[in-house]
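To start, the structure under review is shown below, and the notes come after it.
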Amino acid sequence: MLILIKNVYVNGKRQDILIEDNIIKKIGEIKKEEEMEIIDGTKKIAIPGLINTHTHIPMTLFRGVADDLPLMEWLNNHIWKMEAKLNEEIVYWGTLLGCVEMIKTGTTTFNDMYFFLEGIAKAVDESGMRAVLAYGMIDLFDEEKREKEIKNAEKYINYIKDLNNRRITPALGPHAPYTCSKELLLEVNKLAKKYKIPIHIHMNETLDEIKMIKEKFGKEPFLYLNEFGFFDGVDVIAAHCVHLSEEEIKIIKEKNISVSHNPISNLKLASGIAPIPKLLNEGINTTLGTDGCGSNNNLNLFEEIKCSAILHKGTTLDPTIVKAEEAFNFATKNGAKALNVKAGDIREGYLADLVLINVNKPQLRPISNIKSHLVYSFNGCVDDVIIDGKIVMREGDIITLDEEEIYEKAEEMYAILSA
Ligand SMILES: O=c1[nH]cnc2c1ncn2[C@@H]1O[C@H](CO)[C@@H](O)[C@H]1O
Ligand SMILES: [Zn+2]
């Protein structure tokens, strides 16, 4: 299968892009050939598909149900109660709804932590998206639960591996240090090494949880986990990292941990603002996540790009902090590095995960500075999406999914959850 995107604005100039199978084969001037599917790029710009490094995709169904609450109240009194009603079918439709939203806003890969992974994987497979899926482990310091969670996690790793789908890979998802015991976290480290897969965990989201950990274990979360070797020999994506001591930042740097910055979720839950300028100073790999729709309330990564670019200017009173290109890299190159996928850039030999945007939109005119427009002005409404070399959306129409059916089913599933 060959796709030729003709005369598109990419990497600063008008060129053609040839896709063979799931790889960007060539960029430059390329002659049309009969067997090629041609996409006219004349009115379009091509960008790498965006990478969302922290979400809980089926939570699309919780959009708007528990707004304006702090994290612990939000989780304990609302979200966890509704989550008790979940099943594979609900999760499947919730995931499809999330896939529609992500595709339409230019995200091609996401890093997820949730439950009922059969339902999530089935939806991701059908959507054509790329995803790293982790089962969210929570033992609440109970031995019996711990054993169950470890079994579940390993079962799901094997389940995902056995799907043999190059777009869907497993990860380990211990929820957080305040919900997972040391014994569970040590087992997670072992499993990550055994299967050579990353660990995806919530870290230092709120002051409350840090206080809890300090009272219980006498140390800040990163120090506590580091002491028993949790970060050793494994790839870790730490979501949030809102409140960090200097010593904790040192550990993040030393252990090569990737940070998933979720500015909108952190603002909405009033958790705080992550010290991104400090992390960048240390050369820490900073990526972007939306978190789930219960706390965001959408999956539009363009909003996170803009928010991350302006937020830290406001807190530091320095307009040179997080420049447009840097914020865009959070959602592309840096995300790819965190998830170890050869994507996030439009380069020969890279995965063909790319997005086309028609420039006939008011927010993109005049075409004076496209890089700036994409960060500070664009609303995320993209036109064509190619993932793993397959056309998933063409001129705004998702080819892989039945949108109408998904909207109807989302209402049905929400009725079950809210009954
Ligand atoms: O921002 C958050 N902080 C902590 N937990 C969260 C957040 N967003 C979602 N979940 C919860 O994480 C579990 C998935 O493993 C789910 O229970 C989900 O509701
Ligand atoms: Zn989360």
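Counting starts at 1 for both ligands and their atoms, following the listed order.
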Pair R166 + D388: basic N to acidic O under 4.0 Å: yes
Atoms (protein N, O or S; no water) under 2.8 Å from the Zn ion (ligand 2): 4
From CA spacing to verdict: side chain to side chain contact (heavy atoms under 4.5 Å, CB included), T290, E304: CA-CA 7 Å; T290 53; E304 305 296 328; 4.0 Å; yes
Heteroatom distance test (Y178, ligand 1): nitrogen or oxygen, under 3.5 angstrom: no
Proximal candidate to atom 19 (O) of ligand 1 [heavy atom criterion; set E83, H78, H175]: E83
Contacting atoms of ligand 1, where contact means under 4.0 angstrom from a heavy atom of W74: 7 (C), 8 (N), 9 (C)
Salt bridge present between E303 and K306 (N-O < 4.0 angstrom): no
Residue part near ligand 1, for Y135, under 4.0 Å between non-hydrogen atoms: neither
salt_bridge(E126, K122) N-O dist < 4.0 Å: yes
Test side chain to side chain contact (heavy atoms under 4.5 Å, CB included) applied to L301 and F110, step by step: CA-CA 10 Å; L301 214 52; F110 65 98; over 6 Å; no
Distance filter under 4.0 Å to G136 heavy atoms, resulting ligand 1 atoms: 15 (O)
Close approach of F62 to ligand 1, heavy atoms, under 4.0 angstrom: no
Polar contact flag, side-chain donor to acceptor under 3.5 angstrom, N189-D232: no
Atoms in ligand 1 flagged as close to E205, the criterion being non-hydrogen separation under 4.0 Å: 1 (O), 2 (C), 3 (N), 4 (C)
Structural part of D291 in contact with ligand 1, heavy atom criterion under 4.0 angstrom: side chain
Heteroatom proximity flag, Y114 to ligand 1, N/O under 3.5 Å: no
Parallel, tilted or perpendicular: rings of H240 and H202 (30°, 60°): parallel
I79 neighbourhood, listing ligand 1 atoms whose heavy-atom distance to it stays under 4.0 Å: 19 (O)
Residue and atom name of the nearest protein heavy atom (relative to atom 7 (C) of ligand 1), distance in Å to one decimal: H202 NE2, 3.7 Å
Sub-4.0 Å heavy-atom approach of M137 to ligand 1: no
Proximal atoms of ligand 1 relative to W80 (non-hydrogen, under 4.0 Å): 17 (O)
Short side-chain donor-acceptor distance under 3.5 Å, N360 and R365: yes
NZ/NE/NH1/NH2 to OD/OE distance under 4.0 Å, K409 and E412: yes
Under-4.0 Å salt bridge between E246 and K278: yes
Parallel, tilted or perpendicular: ring planes of Y135 versus F115, cut at 30 and 60 degrees: perpendicular
For atom 15 (O) of ligand 1, closest protein heavy-atom neighbour: M113 SD, 3.2 Å
With D383, the side-chain hydrogen bond (donor to acceptor under 3.5 Å, both in side chains) member among K104, K361, R394: K361
Close side-chain approach of F116 to T95, heavy-atom, < 4.5 Å: no
Within reach of ligand 1, part of I138 (heavy-atom separation under 4.0 Å): neither
Polar atom proximity, S265 to ligand 1 (N or O, under 3.5 Å): no
Proximity of H56 to ligand 1 by residue part, where a heavy atom lies under 4.0 Å: side chain
Close side-chain approach of L311 and L267, heavy atoms under 4.5 Å: yes
